[in-house]
Amino acid sequence: MKIAVTAASGQLGAAIVKATVALTSKQDVIALARTPSKAEHLDVEVRAGDYNQPEQLEQSLQSVDALLLVSGMDAPDKRIGQHRNVINAAKKAGVKKIVYTSVQGAEENTAFSPVIQSNRQTEQDLKDSGLAWVIGRNGIYIEPDIEYIENYKKAGTITNCAGDGKCGYTSRGELGYAYAKMLSEDKHNGQTYNLHGQSLTQYQLADYLSQAFDTDLSYQPMSVEDYRKDRIEELGDFIGTVIAGIYQGIAEGKSDNPSHYAQAAGREHISWQDYFNKLKR
């Protein structure tokens, strides 16, 4: 069976390619990328895969049995059409199954909600496609907090607007493994899975980061508006506003959902104690 992974030059796509190769073989996996040269390091066949070029996509999806569609990074209104380009090209090329990386979060009343709504539309488009489908709704990546550790250490605190809300975190490595299983096993067809580990509060996250990086972080909640201003100042209007919306959704309990990781992956998600123990230095 030939399995293709879109956006393979990105961090999630690359993790899924590597996990799928480990589960099958590199001869069975094709990496699609808008800029193919950026995916050559994956040591599999690489084909062009621009979500805005339907004819190119149809050509690149020839001989593919199962396709992993990584949710696009464009503005929400553009994503729906881009994802439809992929779905339609897959149908024309004879692809039998699409697995989609969707996301959890507040479906209305936050700045992140338009992203969630666009993902829900793609979920529905998949269900209406006539192809076999599986949907994974990703939890929030833990890696950005790891990468931000020096900033946290300088400040001595984690500050955001999540408050006491719990968040279903995950890692790209854990997601890669789950998606490899979902791609290669037919028993997942027709299922929608929430993919994350044990839900954490920001207070718990501060404790885990403190243990792993030998520091003493505290968590300081702030208002949505103050956090939005803070993020915009560092990251710009669009990304800053969206991130504030993500943490607002956490505060509202929209990221604390039942996890189906074990059903999808066939094993439990790594525990956060084990994950952070591996980071200790």
Side-chain angles (χ1 to χ4, degrees), residues 3-24 26 29-44 46-51 57 60 64 66-76 78-79 82-83 86-87 90 97-105 112 115-116 118-120 122-123 126 133-148 167-184 188 192-197 239 242-243 246 255 257 259-261 264-265 267 269-270 275:
I3 295 172
V5 178
T6 71
S9 59
Q11 291 175 298
L12 178 60
I16 296 169
V17 167
K18 291 172 185 175
T20 306
V21 167
L23 207 62
T24 57
K26 72 177 186 178
V29 181
I30 298 165
L32 301 184
R34 184 173 58 186
T35 307
S37 61
K38 292 183 178 180
E40 288 176 353
H41 66 283
L42 295 170
D43 195 29
V44 297
V46 181
R47 299 179 185 176
D50 188 328
Y51 291 3
L57 288 166
S60 291
V64 171
L67 173 66
L68 190 289
L69 170 56
V70 174
S71 185
M73 295 295 288
D74 220 324
K78 293 183 180 178
R79 291 184 192 201
Q82 291 170 341
H83 295 163
V86 179
I87 294 168
K97 171 178 173 175
I98 297 180
V99 181
Y100 176 52
T101 73
S102 190
V103 69
Q104 301 172 47
F112 190 51
V115 174
I116 301 291
S118 71
N119 282 32
R120 297 292 176 266
T122 295
E123 292 178 14
L126 267 184
W133 56 268
V134 194
I135 293 164
R137 291 181 175 174
N138 297 347
I140 292 178
Y141 300 150
I142 199 78
E143 287 93 344
D145 283 291
I146 310 301
E147 293 157 6
Y148 208 69
C167 176
Y169 284 100
T170 187
S171 73
R172 295 187 186 97
E174 290 296 270
L175 289 173
Y177 184 81
Y179 280 113
K181 299 285 278 189
M182 292 154 68
L183 281 162
S184 58
H188 304 292
T192 299
Y193 295 127
N194 293 331
L195 301 176
H196 61 267
I239 296 296
V242 166
I243 287 177
I246 291 172
S255 292
N257 302 304
S259 176
H260 311 120
Y261 186 88
R267 63 165 172 79
H269 192 285
I270 190 172
Y275 180 87

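Among all heavy-atom pairs drawn from A265 and Y177, the shortest one is O-CE2, 3.3 Å. Here the closest non-hydrogen pair linking A31 and L42 is CB-CD1, 4.2 Å. Residue I98 comes nearest to A90 through the heavy atom pair CD1-CB, 3.9 Å, listed as atom of the first residue, atom of the second, then distance. Here the closest non-hydrogen pair linking A39 and V46 is O-CG2, 3.7 Å.
Rounded to the nearest 0.5 Å, atoms OG1 (T101) and CG (L195) are 9.5 Å apart. With rounding to the nearest 0.5 Å, the separation of CG in N194 from NE2 in H260 is 5.0 Å. Distance CD/E40 to OG/S9: 11.0 Å, rounded to 0.5 Å. A distance of 8.0 Å separates CG in D50 from OG1 in T35, rounded to the nearest 0.5 Å. Taken from NE2 in H83 to OG1 in T6, the straight-line distance is 8.0 Å, to the nearest 0.5 Å. One distance of note links OH of Y51 with CE of M73; it measures 10.5 Å at 0.5 Å rounding.
Side-chain contact between E123 and R137 is present, with heavy atoms from C-beta onward closer than 4.5 Å. Residues S171 and E143 have side chains in contact (heavy-atom distance under 4.5 Å, counting atoms from C-beta outward). T170 is listed as a side-chain neighbour of L175, based on a closest heavy-atom distance under 4.5 Å. Within the 4.5 Å cutoff, the side chain of Y179 has heavy atoms near those of the N138 side chain. Residues I140 and S255 have side chains in contact (heavy-atom distance under 4.5 Å, counting atoms from C-beta outward). Taking the side chain as every heavy atom from C-beta outward, S118 and K78 never approach each other to under 4.5 Å. By the 4.5 Å heavy-atom criterion applied to side chains, R79 and V115 are counted as neighbours.
Residues satisfying the side chain to side chain donor-acceptor pair (under 3.5 Å) test with R34, not counting sequence neighbours, are none. For L23, the side chain to side chain contact (heavy atoms under 4.5 Å, CB included) test picks out A180, K181, S184, with sequence neighbours left out.
In terms of modelled atom types and a separation under 3.5 Å, the side chain of T192 and the main chain of G136 share no donor-acceptor contact.
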Before you tell me yes or no, could you show the steps for Y275 and I146 under side chain to side chain contact (heavy atoms under 4.5 Å, CB included), namely the whole-Å CA-CA distance, both residues' side-chain angles and the distance that decides it to 0.1 Å?
CA-CA 11 Å; Y275 180 87; I146 310 301; 4.2 Å; yes
Side chains of residues 10-22: which donor-acceptor partners sit under 3.5 Å, not counting sequence neighbours?
residue : atom : partner : partner atom : Å
Q11     : OE1  : R172    : NH2          : 3.2
T20     : OG1  : I16     : O            : 2.7

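Considering H269, Q104, E174 in turn, Q104 is the only one that fulfils the side chain to side chain donor-acceptor pair (under 3.5 Å) rule with H196. A side-chain contact (heavy atoms from CB on, under 4.5 Å) with H188 is found for exactly one of V134, V99, I135, namely V134. For the side-chain contact (heavy atoms from CB on, under 4.5 Å) with Y100, the lone residue among L69, V70, L67 that qualifies is L69.
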